[in-house]
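Shown next, in structure tokens, is the structure this report addresses.
Every value quoted in this text rests on a predicted model; they were computed, and no experiment measured them. Computed from heavy atoms alone, side chains included, the values below leave out hydrogens, waters and symmetry copies.
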Amino acid sequence: MLNELHIENIAVIEKADIEFRKGLTVLTGETGAGKSIIVDSLNAILGSRTSREIVRKGAEKALVSAVFETNLADAWCRENDIEPEEELIITRKISADGKSSCRVCGMPVSVSQLKELGELLLDIHGQNDGRQLMDESCHMSYLDSFGDYSELISNHRENYAAYKACKKEIKRLSMDEIEKARLAESLKYQIEELENANIKAGEEDELSAKRDILRNSEKLTDAIDSSYNALYGGDENAISLTDEAAALMSKASLITEELGEVSSIIENASSLLFDAAERIRDFRDRLDFSPDEYDNIENRLALLRKLRRKYNMDEVQMLEHIEVCRKKLDELEYSDDMLVKLNKQLEKHTESCKLSAKALSDARKACGLILEKRITDELSELSMPSVRFKVSIESPESDVGFDANGCDDVRFLISANAGMELGRISKIASGGELSRIMLAMKTVFSKNDPVETLIFDEIDTGVSGIAAQRVGEKLSNLSKGKQVLCITHLPQIAALADNHNRIIKSECNGKTYTEVNDLDRKGRAEELARLYGGDNITELVLASAEEQLEKAEKYKFSRV
């Protein structure tokens, strides 16, 4: 449940704190007062896209924070390394330069993470959601969300994925003889070229290092010879002098023990110098290159680089590519046999898809009958007594009789008035009827939906009179099991609220401000009177508002 909403510097709202309670909460106010800004703020909490235009003019940043009391998000919190708490606090900042930051219980999260979380907390029905109802591509998802056959959907999608993979493999192996011969020739050429190159992993780096040595062999030889002579050549070399020093210090250590450690250090130094001299000599012996060796290295490097550029691969990848080519060549040679096997597999996958699609279709048809009755009953209570609602399920246009969604095309049909033929919602329903159909669907689907808070942004569009009264009653009934927030202009709906907030816009010092007031019983009566009569609030209009509130209270009491 949504407990609190804090807004700072969002459009015309400088600062607002709104407390929400259980039941039906309505928000009323003049057009342009800022009611939709509250919905925009809640959308920001849901991870919706925002822009810097939402930030109040002159402010550096905007802030929205919401406090929820729910355990629906505990699993999400653990998955995202956030410790669940009694209250779930979500904060989102939007800076004037368009940057956004989000936090959940003080921990930073991404917008995509926030969107995942938001889907668990709030369901917002906006003014344009009726367009989704007219979009027939959405009708199957509506039906499937109502039905209890998710395992059948998963099973068919697995079967269809295997079917598509098999068809893709058949297409890959299916080619005419000319194309097959051309590809085989290309593969053989690549194998032969790479095998003849006798490639070894790391060879290019090794040869490059060796070439650098050859380029500087004269300087290197001089340096090595001089170093070796200093260490071990001639009578007065470093090693002989160190050995002499070690012998003298050994004698001295017999006189005083303090020099014993020094004697050991000199002996170790002599051993290290001798080892270094041996390594220098060994390296010098390997520097005897043949005159053609440098040219051979350059030619080898040129070949390796040519192959690297041609195949866009390093040595290891080229070695792996040889095996890939061999495998493809084998597939070509035995492609006819493989195609026979694959076609048999495709027959099995096709049969599996048909069976799973048929099972899914049967479940949809059974579910469609239940949904038809439930929606029709709801619409009847929404002052549409003659309505007929039909879930049409037909086979799709497909060569094989099924697709990824099964073997069904789902379309909602409606007849809004007695004597009218069933037709597409987009052709039959008016704006007010669309609002009521969507409300009926939300009412039906909410019983299977764990989301605790539903928000309706002007669900009363195109509705008036008795129909408006029925919409209000439906929202009131819905609020018995859910927290419902509704932005409305209709007194019939506002009268049935359990909680009532009024949005007021004012000007001060050349700036526009919006504030949110929680109305008491007297304030509610005055607001209903304003909704009835505008600025002309007479005693009679006020008395009518009081009467409307009393009737609403009796209705809610009768439903307890």
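- Inter-residue side-chain proximity for C102 and I90 is flagged as unmet; no heavy-atom pair is nearer than 4.5 Å.
- Residue pairs that meet the ring-ring contact (aromatic ring centres under 6.0 Å, His included) test with at least one member in residues 89-122, sequence neighbours left out, do not exist here.
- Tested against L117, the residues L88, I82, L122 include a single side-chain contact (heavy atoms from CB on, under 4.5 Å) partner, L88.
- For the pair L121 and V451, the minimum side-chain heavy-atom distance is 4.5 Å or more.
- Of all heavy-atom pairs spanning A11 and I37, the tightest one is CB-CD1, 3.5 Å.
- Sorted by first and then second residue, the ring-ring contact (aromatic ring centres under 6.0 Å, His included) pairs with a member in residues 349-379 form an empty list; sequence neighbours excluded.
- Here K358 pairs with D362 in a salt bridge; the nearest charged N to carboxylate O distance falls below 4.0 Å.
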Got a list of side-chain donor-acceptor pairs under 3.5 Å for residues 383-396, not counting sequence neighbours?
unit_1 : atom_1 : unit_2 : atom_2 : d
R388   : NH2    : M420   : O      : 2.8

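- Taking all atoms of both residues into account, the shortest heavy-atom contact from A440 to E378 is CB-CB, 3.6 Å.
- Considering only heavy atoms from C-beta on, N405 comes within 4.5 Å of R157 through its side chain.
- Using a 4.5 Å heavy-atom cutoff, the side chains of V111 and K115 are not in contact.
- With values rounded to the nearest 0.5 angstrom, L478 atom CG is found 11.5 Å from Q483 atom CD.
- Across all non-hydrogen atoms, the minimal contact from L114 to A44 is CD2-O, 3.7 Å.
- No more than 12 heavy atoms of other residues, nucleotides or ligands lie within 6.0 Å of CG in N312, so this atom counts as exposed by the packing criterion.
- Here the straight-line distance linking atom SG of C105 with atom CD1 of I89 works out to 6.5 Å at 0.5 Å rounding.
- Remark: F146 pairs with F445 by the ring-ring contact (aromatic ring centres under 6.0 Å, His included) rule, at least two apart or across chains.
- By the side chain to side chain contact (heavy atoms under 4.5 Å, CB included) test, E515 is found to be paired with I504, N517, residues two or more places apart in sequence or in another chain being considered.
- Looking only at side-chain heavy atoms (C-beta outward), S479 and L475 stay at 4.5 Å or farther from each other.
- Rounded to the nearest 0.5 Å, atoms OG (S415) and CG (L422) are 5.5 Å apart.
- Residue pairs meeting the salt bridge (charged side-chain N to carboxylate O under 4.0 Å, His left out) criterion with at least one member in residues 18-39, sequence neighbours excluded: R21-D518, E30-R530.
- A distance of 4.0 Å separates CG of L5 from CD1 of I7, quoted to the nearest 0.5 Å.
- Q469 has its side chain within reach of L496: a pair of non-hydrogen atoms, C-beta onward, lies under 4.5 Å apart.
- Applying the salt bridge (charged side-chain N to carboxylate O under 4.0 Å, His left out) test to pairs two or more places apart or on separate chains, those with a residue in residues 538-548 are R521-E546, E547-K551.
- Annotation for V55 and K61: closest pair CG1-C, 3.9 Å, computed over non-hydrogen atoms.
- E151 CD: 12 or fewer foreign heavy atoms inside a 6.0 Å radius.
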### Verdict with supporting geometry, D40 and I38, side-chain contact (heavy atoms from CB on, under 4.5 Å)
CA-CA 5 Å; D40 291 341; I38 295 172; over 6 Å; no
### Task
Starting from the C-alpha separation in whole Å, work towards a yes-or-no answer on side chain to side chain donor-acceptor pair (under 3.5 Å) for H489 and T28.
CA-CA 6 Å; H489 291 283; T28 60; over 6 Å; no
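- Shown here are the side chain to side chain contact (heavy atoms under 4.5 Å, CB included) partners of K99, two or more places apart in sequence or in another chain: S95, D97.
- Going from atom CG of L42 over to atom CD1 of I455 covers 4.5 Å, rounded to the nearest 0.5 Å.
- In plain terms, the two heavy atoms of S356 and N155 that are nearest each other are CB-ND2, 3.8 Å.
- Not a single donor-acceptor pair under 3.5 Å links the side chain of S380 to the backbone N or O of T376.
- Taking the ring-ring contact (aromatic ring centres under 6.0 Å, His included) definition, one finds that Y163 meets it with Y160, F402, sequence neighbours left out.
- Under the 4.5 Å side-chain criterion, counting only non-hydrogen atoms from C-beta, L27 is not in contact with H500.
- Note: K57 NZ to N9 CG = 14.0 Å, rounded to the nearest 0.5 Å.
- Few gaps surround CG on L369; more than 12 heavy atoms of other groups in view lie less than 6.0 Å from it.
- You'll find the side chain of V26 reaches within 4.5 Å of the side chain of L24, heavy atoms only.
- The salt bridge (charged side-chain N to carboxylate O under 4.0 Å, His left out) contacts involving residues 483-503 comprise D498-K556, R502-E527, where partners must be two or more places apart or lie in separate chains.
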Less than 3.5 Å apart, which donor and acceptor atoms pair up between the side chains of residues 64-71 and the rest of the protein, not counting sequence neighbours?
unit_1 : atom_1 : unit_2 : atom_2 : d
E69    : OE1    : N3     : ND2    : 3.3
T70    : OG1    : L72    : N      : 3.0
T70    : OG1    : E452   : OE1    : 3.4

#### Entry: Residues S352, N159; criterion side chain to side chain donor-acceptor pair (under 3.5 Å); working and verdict
CA-CA 6 Å; S352 296; N159 288 341; 5.0 Å; no
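- In this structure, the side chain to side chain contact (heavy atoms under 4.5 Å, CB included) partners of K15, at least two apart in sequence or on a different chain, are H6, E8, D17.
- R92 and S100 are linked by a side-chain donor-acceptor pair at a separation below 3.5 angstrom, with hydrogens and angles left out of the test.
- Here the side chain of S476 pairs no donor or acceptor atom with the backbone of G472 at under 3.5 angstrom.
- Between I170 and L339, the shortest heavy-atom distance links the atoms O-CD2, 3.8 Å.
- In summary, K482 and D123 do not engage in a salt bridge, as defined by a charged side-chain N under 4.0 Å from a carboxylate O.
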### Task
List the steps and the verdict of side-chain contact (heavy atoms from CB on, under 4.5 Å) for Q492 and V471.
CA-CA 9 Å; Q492 296 97 318; V471 169; over 6 Å; no
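- With salt bridges taken as basic N to acidic carboxylate O contacts below 4.0 Å, one links R424 and E136.
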